[in-house]
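Okay, so here's the structure we're looking at.
Protein chains get the first letters and strands the later ones, always in sequence-line order, with residue 1 at the start of each.
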2 protein chains.
Amino acid sequence: MKQAEIRDSFERFLQKRSLRLTSQRERILDRVFETHEHFSADTLYNWLKQEDGPSVSRATVYRTLGLLVDGGFLESLDTGQGELLYEHVLGHQHHDHLVCVDCGKIEEFFEAKIEQLQEEVCTRKGWSLVSHNLRLFGRCRSCVRKKDGAREAGIES
Amino acid sequence: MKQAEIRDSFERFLQKRSLRLTSQRERILDRVFETHEHFSADTLYNWLKQEDGPSVSRATVYRTLGLLVDGGFLESLDTGQGELLYEHVLGHQHHDHLVCVDCGKIEEFFEAKIEQLQEEVCTRKGWSLVSHNLRLFGRCRSCVRKKDGAREAGIES
DNA sequence: ATATATGCAAACGGTTTGCATTCAA
DNA sequence: TTGAATGCAAACCGTTTGCATATAT
């Protein structure tokens, strides 16, 4: 999905709710869809401060992130390290995350069988599934390598 | 595992680290293994305040909870609602959680096939799995019922 | 014209921490 | 005796909010 379509979709979303397209919202939308990394509210705030364009306050960053999550433009991801991370949704399929406990790296994965088993668990218990959050914590390929290197050198972890 | 064994195990843990068995730690340990509910630091603090025994400050509650998690006596559970919940571990097998988005109820489940698929995902990606966190958010049996009732009565959700 | 957004700074809420005092070993 | 633990209150940190001002429609 390209920038222009996203923009249209955002405008429609705002109209539906009688909200206004401000230069701040415009700027945040653009910036957020420009990156494919996971980012925090603070990171986004700093990007906007450094790069040029209409100034955006911290409060507006938070308010707009909330709006974008509501509208299904962004998803938030709780890595359990205090701050929420965000990633854009449009053009991305659902996935879960691997988080490296050594370097913080995040990778995405999708495993249909896990998704299906989650539904089965819910059904079995009489619940109705709304969403889920699966995080695998481990060591990424390069941190595993580093650790093995250290072990060979006789350094205890 | 009965209270006395847990107590011994805790004393050994403290000795190993040259930490001391204080009346506060004793009281927290007992209280925590007395309940089978999930509880927050604040809930625990209030239990200790209402029931009688040696007084325990909020700071000590937090410090001791940390200690018990380190020692593998408790596990913490991030429901994503701001505060951490705790549950005791000894005598409990690993499980994941269902969280009701309407009433906050928590149920536990264990699904071996999901556990195994997580390992497979990691292996496939070259990661080494350390732990995981799976939360299913949905509506519990009784909230589903309530919601259906409302729908029949023509009340929109 | 007017309802909505913004920026600022203060508030929030769970948790952590510095420090003087108390206590287990 | 002395290193560790406690209680208190202040600090922390990401996030939210009240309010006066600015702005999109």
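- The stretch residues 39-68 of chain A touches DNA chain C through A/Ser55, A/Val56, A/Ser57, A/Ala59, A/Thr60, A/Arg63, each having a heavy atom under 4.0 angstrom from the strand.
- Note: B/Phe73 and B/Phe13 meet the aromatic proximity criterion, with ring centroids under 6.0 Å apart.
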Discussion item. Using the rule given for side-chain hydrogen bond (donor to acceptor under 3.5 Å, both in side chains), can you reason through B/His94 versus B/His132, listing the C-alpha separation, both sets of side-chain angles and the distance that settles it, and then say yes or no?
Written reply: CA-CA 11 Å; B/His94 164 71; B/His132 70 267; 3.3 Å; yes
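- Following rounding to the nearest Å, B/Leu85 (CG) and C/dG13 (P) show an atom-to-atom distance of 17 Å.
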Provide a list of protein-nucleic acid N or O atom pairs under 3.5 angstrom, restricted to nucleotides 2-4 of chain D.
from  : atom 1 : to      : atom 2 : distance (Å)
D/dG3 : N2     : B/Arg20 : NH1    : 2.1
D/dG3 : N3     : B/Arg20 : NH1    : 2.8
D/dA4 : O4'    : B/Arg20 : NH1    : 3.3

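- A/Leu14 has its CG atom 9 Å from the P atom of D/dT25, to the nearest Å.
- Across the protein-nucleic acid pair, A/Phe10 atom CZ and D/dA24 atom P stand 14 Å apart, rounded to whole Å.
- Side-chain atoms of A/Arg17 do not come within 3.5 Å of backbone N or O of A/Arg12 as any donor-acceptor pair.
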Worksheet item: Where do B/Leu67 and B/Leu14 land on the side-chain contact (heavy atoms from CB on, under 4.5 Å) test, with the steps shown first?
Response: CA-CA 9 Å; B/Leu67 203 59; B/Leu14 292 175; 4.1 Å; yes
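- Under a 3.5 Å cut-off, the side chain of A/Lys125 and the backbone N or O of B/Glu108 do form a donor-acceptor pair.
- Taking side-chain N and O atoms only, B/Gln24 has a distance below 4.0 Å to OP1 or OP2 of D/dG7.
- Aromatic ring pairs are classed by plane angle as parallel below 30°, tilted from 30° to 60° and perpendicular above 60°; the pair B/His95 and B/His97 is perpendicular.
- We find that CG of B/Asp78 is positioned 13 Å from C1' of C/dT15, with the value rounded to whole Å.
- In this structure, A/Arg139 fails the cation-pi test against B/Trp127, since its NZ or CZ atom is not both closer than 6.0 Å to the six-membered ring centre and inside 45 degrees of the ring normal.
- Side-chain N or O atoms of A/His88 include one that pairs as donor or acceptor with a backbone N or O of A/Val32 at under 3.5 Å.
- A/Arg25 places no side-chain N or O within 3.5 Å of a backbone atom of A/Thr64 that could act as its donor or acceptor partner.
- Between A/Ser23 and D/dT23 there is no side-chain polar atom (N or O) within less than 4.0 angstrom of OP1 or OP2.
- In this structure, A/Glu26 places its CD atom 14 Å from C1' of C/dA5, rounding to the nearest Å.
- Axis orientation changes by 30° from one end of the helix from C/dA1-D/dT25 to C/dA25-D/dT1 to the other, with each end axis drawn from 5 pairs and the value rounded to 10°.
- Of the candidates C/dA24, C/dG14, D/dT15, C/dG14 carries the atom nearest the B/Glu83 side chain, counting heavy atoms from C-beta on.
- Between A/His36 and A/His92, the ring-plane angle classifies as parallel under the 30° and 60° cut-offs.
- Listed for the A/Thr123 side chain is a donor-acceptor partner under 3.5 Å among the backbone atoms of A/Glu119.
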